[in-house]
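To keep things clear, I will list the structure first and then write my remarks on it.
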Amino acid sequence: MKKEQSKKYRFIQILRILSQTIFFLLFIYLFLGTHFTGEDYIGRVEIFFHFDPLLALATFIASRTVLASFALAAITIVITFVLGRVVCGWVCPLGSVHQFISFIFKKTKLLKPKNAQDNHLVWKYYLLIFILVGTLFSLDLIGIFDPLSLLYRSFTVAIFPALSYGFEAFVGFLYQINISSLGDTLAQFFENLALNSTFRQGFFIGTIFIGILLLNLTRERFWCRYLCPLGAFLGLLSRWNVVKLKIDSQKCIKCDLCNIHCQTQASPFPEEKWKSSECVYCYTCSSICPTSAIGFPLESTPEKIEKVNLSRRKLIFTSLLAAFAVPFFRISPASKRSSPKLIRPPGALPEEKFLQKCVKCGECMKACPTNALQPALAEAGPEGIWTPILVPKIGYCEYYCSLCTQVCPTGAIKELTIEEKTQVKIGLAWVDKDRCIPYNLGTPCIVCEEHCPTSPKAIKLVRIEVMLPDGTIKTPVAPVINTDLCIGCGICENKCPVMDKPAIYVTSIGESRSEQNQLFLPLLKEDSKTSTEPF
Amino acid sequence: MKRRDFFKNIAFGSLVLNLSPALLAEEKNFPDLALVQGESPELITRKAIASLGGIERFVSKGDVILVKPNIGWDRTPKQAACTNPNVVKTLVELSLEAGAKEVKVIDNPCNQAKRTYIRSGIAEAAKKAGAKVLFPNPHRLKKIPLKGEWLKEWEVYTDFIEVDKIINVPIAKTHSLSRLTMGMKNWLGALGGNRSQLHQKLDQVMIDLAAFFKPCLSVLDAYRILIRNGPQGGRLSDVKLYKTVVAGIDYVAVDALGTTFFGINPSEMPFLRLAHQKGHGEINLEKLKIEKRTV
């Protein structure tokens, strides 16, 4: 018998690696392009997300609204119906990252592949059920687990900030050893990329991501095998696909190499055991087979195939668990009264709607030109973890910018034109007279007023009288806020020279999106509007 | 230290001039300030420099020149929060025409650098004219002894020190603390660190900084001036089309003439009075030879 590996499948395997590389680079290209590049309107840099049918489904159920952009997800569904989980094996950038890391671990002998026949494959299906049952109650947890959200968020909040830290250190080193011309070039290049590098939860989110990568030490593509809910969803869709594994029993020498090296534990051998729902069509088995026994011929009539093995008992249990979990997410005070720190990006929907749609992907955090948008921890309650909030001490909302509203893949932040955006209030500034320099030291300052972007300015300077500890009286000008004009952008807090705890700060009250979180009775507001003097 | 050499040369040069009355007389023919009005920002800038004796008076062959506009804010040229890009462009062109080896354009803005550089139109205009447009690079910040009367030292972008000459090209705007921001206030854009603390003694800081950076030429862009809601503006109604530039060597005098555009007498401005008292320049407009032209 001829002992030879299949050249055809080796070629297909190389094509697959090429495809993965291209899509990963495309992902990175769009990622890096998600910032102010010179145009007010940025184009569909978030397009990857719109191909994700699970995000589409979860957002649809949770928010009970249809978003037209998600029509692209139909393409993924059709491809999966016809060809199986090729998207996992050939396209998904997180899948490629996992496979690359697994490849490194295998090459370095940190991971010794073996024929694992455990039953953990079903985890991901239960996770999927848990998430989808939650969405029935408008509890949208998909963003935590969706592979694209997970990857984008981790890149935005942790990986690229860490890389930029390293890059900065390298540039600093260049200056130290007097190669400043190269340092200059790199520093200018870097400033042009406008990477946000300061994130409150960078360590936390980064640790989770690295942890998920390290799981590949135990099994190849651990995440894709056991955890990925999108993989599970596509697995369920793929049972009718026409590309089926076929083993030529004449050639097969039962060496088990295919089972050992299968990236996702799809059990190519024996043929009857092969799980179509687990196969990501990486073509490792068919190209590694020493006798070219494995092939993937097109078969229009599906034979009996190995179904996803879910026990009805556990399905019901998981569904009930999800239903019971919902109230636990809702008993936080966040739903009773707004947190002062819950300053949402401009265009964010009212909180309830926002939480139903936000998939915690971090697109907005990547796009923000001032690094102001940060992942929330507890400000929005447990279901709002990693949703964007504006932290004025880190950055502020740039007046003529609406990038975050343009890149949101689910419409949790409504797309706004620059003109519309400048009309949105996201909060209100307050002067802390106990800390403000003129109010306390009698010294001039005006920095907040100078930076206030509205015209006329929402910060007015009024003359005040200050008695200093020695009894002398000073009469500096000091800031007061015009609540009608203030949009809560936070630049005043960001630039306040009182470094540790700024003497002017923004809280969420007055935000346009909320009916309750308002300072004034609407009636009163009408009155004050008519009596306001023109500037 | 190239700049130090430059100052030495000036000192030496003025000594020579003192000893040769003929040359001195020729020098005196130039006006102290040139004020030019007209429709085109490029033309009025060129004319103003020509009135002062041409760019060759300030830029020598082989010089590395830094042009310092105000690129402080994320605003478009029509909003008049940043220097007019065409004025900046013209100064770059002139410098290169005079044989400058390299012209750098840099400012440390208040909003994100990339946004201000692009939306002000300055990056594109200056690049087209052949300048090297640089984002402020934190690695180039260095604590520098400024030897000011009040401000002893501060973090400065070394780009400002490692050039032969600096041309200051501010825009004229209102400001709630110094009342107006023009040339002398423009130097805050050369600094890093916690700049906002400098506002606690802004007038004195401006004087020290201007004396330290000592531009070889100041060109005040008043093509559009911001008459209220400065220094950012916003509405077009905050802007007044004034179609003027002022150029001169005496940066105090340039700012002094600029104040009159806002209907203010220079002697009403505390920072100008103080600068004059300390001998940094002239604010009495009657004592200045001002050449006014319209093109």
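Just so we're on the same page: letters track the sequence lines, and every chain starts at 1.
Taking a 6.0 Å sphere around CD of A/Glu39, one finds it holds 12 or fewer heavy atoms contributed by other residues, nucleotides or ligands. No more than 12 heavy-atom neighbours from other residues, nucleotides or ligands sit within 6.0 angstrom of CD on B/Glu124.
Neither the backbone nor the side chain of A/Leu174 has a heavy atom closer than 4.5 Å to any heavy atom of chain B. With a threshold of 4.5 angstrom between heavy atoms, B/Asn194 approaches chain A through side-chain atoms but not through N, CA, C or O. Of the atoms belonging to A/Asn192, heavy atoms from both backbone and side chain fall under 4.5 Å from chain B. In this structure, the portion of A/Ile437 lying under 4.5 Å from any heavy atom of chain B is its side chain and not its backbone. Heavy atoms closer than 4.5 Å to chain B are found in the side chain of A/Glu449, but not in its backbone. With a 4.5 Å cut-off on non-hydrogen atoms, B/Asp238 touches chain A through its side chain but not through its backbone. In this structure, chain B has no heavy atom under 4.5 Å from any part of A/Asn371. With a 4.5 angstrom heavy-atom cutoff, A/Thr443 touches chain B only via side-chain atoms. Only the backbone of A/Cys452 comes within contact range of chain B, with at least one heavy atom under 4.5 Å from a heavy atom of that chain. Only the backbone of A/Thr454 comes within contact range of chain B, judged by heavy atoms closer than 4.5 Å. Contacts of A/Phe190 with chain B are absent, with no heavy-atom separation under 4.5 Å from either backbone or side chain.
Taking NE2 from B/His139 and OG from A/Ser180, the interatomic distance works out to 12.0 Å, rounded to the nearest 0.5 Å. Once rounded to the nearest 0.5 Å, the distance linking CD of B/Gln232 with OH of A/Tyr399 reads 10.0 Å. With values rounded to the nearest 0.5 angstrom, B/Ser196 atom OG is found 7.0 Å from A/Met499 atom CE. Here CG of A/Asn494 is found 11.0 Å from SG of B/Cys110. Values are rounded to the nearest 0.5 Å.
With hydrogens and angles disregarded, no donor-acceptor distance shorter than 3.5 Å links the side chain of B/Lys114 to the backbone of A/His35. The backbone N or O of A/Tyr400 lies less than 3.5 Å from a partner atom in the side chain of B/Arg115, making a donor-acceptor pair. In terms of modelled atom types and a separation under 3.5 Å, the side chain of B/Asn229 and the main chain of A/Lys457 share a donor-acceptor contact.
A/Glu450 and B/Arg195 are not joined by a salt bridge, as no carboxylate oxygen comes within less than 4.0 angstrom of a charged side-chain nitrogen.
Between A/His451 and B/Trp73, the ring planes lie perpendicular to each other; the angle is over 60°, past the 30° to 60° tilted range.
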